[in-house]
Amino acid sequence: MEYRKLGRTDYLVSVICLGTWAFGGDAWWGYQEDKDSFAVLEEALSGGVNFIDTAPVYGRGRSEKVIGEFIKRNNNRRKITLATKIGLSWQGRKVFPDLNPDKMRREIDESRKRLNTDYIDLYQVHWPDENTPIGKIAEVMLEFLRKGWIRAIGVSNYSVEQMKEFLKYAPLTVLQPPYNMFLRDIERDIVPFCRENNISIISYTPLHSGILTGKFFFSNKPVPNDLSRQTKPDLKEPLFSLNKEILAEIKNIADKYGKTLTQFVINWNFSQPGITSAIVGARKKGQVRENIGSVGWEISREDQRKVNDILGKREEKKQVFSI
């Protein structure tokens, strides 16, 4: 496993961060047995992954509870860099930002209780909340930091301007944005800003909800009925056929390295400038092992250029569809 420094902290985190949204077993990601989640956690740590990301909204607390139970059973809290989030509330299927300071203070206690921990290594604002000034949010996060309840502050889905405002009130160690081969918007302004300010980028959806694994294009695997995949335009025509063509070309490059498309795509992600770690989920032990196979080798500069050319061709063809 390869490890990198997390911002200005002393933490060294694995370039693969285990994403645990599926542990929640809700309608968004589909049902998951807790025993499978425990097996995934064990396999990940055995393979050198020391970075785990979760959130209260994943299964309405279930994902955090699973991780907390795993920590309790194995007494391995100090081996894990534990990241969770704050600021989403829910009513049934409706999820909405809620960063009222009083609610934030209740929420951190609830997360620490579910996770069986006195402190959270990385605490992240899940989404901006237009009803609460960023300065007030940052001040409460700084309060948590000073009390020792958290060790580092992060934000997720923030723009450059929002990060600049946050930094007026509190330090910022991490940004967690969506980023993958098919979604590269952050390269324009967010990546340069984070690199200039020593803010680590922890990318989520590096496999684009499984789309970049190729399994829906080359293995005749049906698209799951979970809400996440059913809402993806990339799994519907005309993009479905275009994506199949593009991924076939990238797969040919991956084959040269003796790697699966999944492994190649993950390596590409955490190898991009500014990316510290890529959050990758797994439902089964075999998926964890495959994900770990993305580490320990490099994509050549020539092949990086080829991939960029292929992805550029995809963007040009997308314009024809006006998507």
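In this chain, numbering begins with 1 at the start of the sequence shown. No hydrogens, no waters, no symmetry mates; every other heavy atom, side chains included, goes into these values.
- Remark: Arg73 qualifies as a cation-pi partner of Phe38 under the 6.0 Å distance and 45° angle criteria applied to the six-membered ring.
- Ring-centre distance between Phe182 and Trp268: not below the 6.0 Å cut-off.
- Looking at Ser46, its side chain does come within 3.5 Å of a backbone N or O of Glu42 through a donor-acceptor pair.
- For Gln124 and Ser156, the side-chain atoms include no donor-acceptor pair closer than 3.5 Å.
- With hydrogens and angles disregarded, a donor-acceptor distance shorter than 3.5 Å links the side chain of Asn267 to the backbone of Trp297.
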Problem set entry | side-chain contact (heavy atoms from CB on, under 4.5 Å) between Leu311 and Ile250, worked out | CA-CA 9 Å; Leu311 295 174; Ile250 295 174; 4.0 Å; yes

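- Closest heavy-atom contact between Ala282 and Asn291: CB-ND2, 4.2 Å.
- For the atom pair CZ (Arg301) and CZ (Arg305), the distance works out to 8.0 Å, reported to the nearest 0.5 Å.
- Residues Gln32 and Arg283 are in side-chain contact: their nearest non-hydrogen atoms beyond the backbone lie under 4.5 Å apart.
- A donor-acceptor contact closer than 3.5 angstrom is absent between the side chains of Thr276 and Arg4.
- Of the possible polar contacts, one joining the Asp129 side chain to the Leu99 backbone as a donor-acceptor pair under 3.5 Å is found.
- A salt bridge does not link Lys306 to Glu249: none of the charged side-chain nitrogens sits closer than 4.0 Å to a carboxylate oxygen.
- With Arg60 contributing its side chain and Val57 its backbone, the two residues share a donor-acceptor pair below 3.5 Å.
- Between Ile137 atom CD1 and Ile86 atom CD1 the span is 9.5 Å, to the nearest 0.5 Å.
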Problem set entry | Check against salt bridge (Lys or Arg N to Asp or Glu O under 4.0 Å), Glu165 and Lys168 | CA-CA 5 Å; Glu165 181 67 13; Lys168 293 177 183 178; 3.0 Å; yes

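- Under a 3.5 Å cut-off, the side chain of Ser277 and the backbone N or O of Val15 do form a donor-acceptor pair.
- The closest side-chain heavy-atom distance from Val40 to Gln287 is not below 4.5 Å.
- Of all heavy-atom pairs between Asn269 and Tyr179, the closest is ND2-O, 3.0 Å.
- For the residue pair Asn157 and Tyr204, a side-chain donor N or O sits within less than 3.5 Å of a side-chain acceptor on the partner.
- In plain terms, the two heavy atoms of Ser271 and Gln304 that are nearest each other are CB-NE2, 4.2 Å.
- Taking each heavy atom of Phe70 and Leu45 in turn, the nearest pair found is CE2-CD2, 4.0 Å.
- Of the charged side-chain nitrogens involved, at least one lies within less than 4.0 Å of a carboxylate oxygen, so that Asp255 and Lys251 count as a salt-bridged pair.
- A donor-acceptor pair under 3.5 Å is formed between the side chain of Thr9 and the backbone N or O of Leu6.
- Side-chain atoms of Asn100 and Arg106 include no donor-acceptor pair closer than 3.5 Å.
- With a 6.0 Å cutoff to the six-membered ring centre and a 45° limit on the axis angle, Arg112 does not count as a cation-pi contact of Tyr123.
- The shortest distance between side-chain heavy atoms of Leu115 and Thr54 falls below 4.5 Å.
- The line from OG of Ser209 to CH2 of Trp21 is 8.5 Å long, rounded to the nearest 0.5 Å.
- A salt bridge does not link Lys65 with Glu69: every distance from a Lys NZ or Arg NE/NH1/NH2 to an Asp or Glu carboxylate oxygen is 4.0 Å or more.
- For Ser14 (side chain) and Val49 (main-chain N/O), no donor-acceptor pair under 3.5 Å exists by modelled atom type.
- Between Phe217 and Phe240, the ring planes lie tilted relative to each other; the angle falls in the 30° to 60° range.
- When atom types are taken as modelled, the side chain of Lys259 and the backbone of Ser294 share no donor-acceptor pair closer than 3.5 angstrom.
- At most 12 non-hydrogen atoms from other residues, nucleotides or ligands lie less than 6.0 angstrom from NZ of Lys284.
- Nearest approach of Ile153 to Ala170, heavy atoms of both residues: CD1-CB, 4.2 Å.
- Contact check for Leu172 versus Asn197: no side-chain heavy atoms found under the 4.5 Å cut-off.
- Neither side chain, Tyr3 nor Asn50, offers a donor N or O lying under 3.5 Å from an acceptor on the other.
- The backbone N or O of Ser241 sits less than 3.5 Å from a side-chain atom of Glu237, completing a donor-acceptor pair.
- A donor-acceptor contact closer than 3.5 angstrom links the side chains of Tyr257 and Asp303.
- Within the 4.5 Å cutoff, the side chain of His126 has no heavy atoms near those of the Pro56 side chain.
- Between Thr262 and Glu290, the closest heavy-atom pair is CB-OE2, 3.5 Å.
- Taking a cutoff of 4.0 Å between a charged side-chain nitrogen and a carboxylate oxygen, Glu110 and Lys113 do not qualify as a salt bridge.
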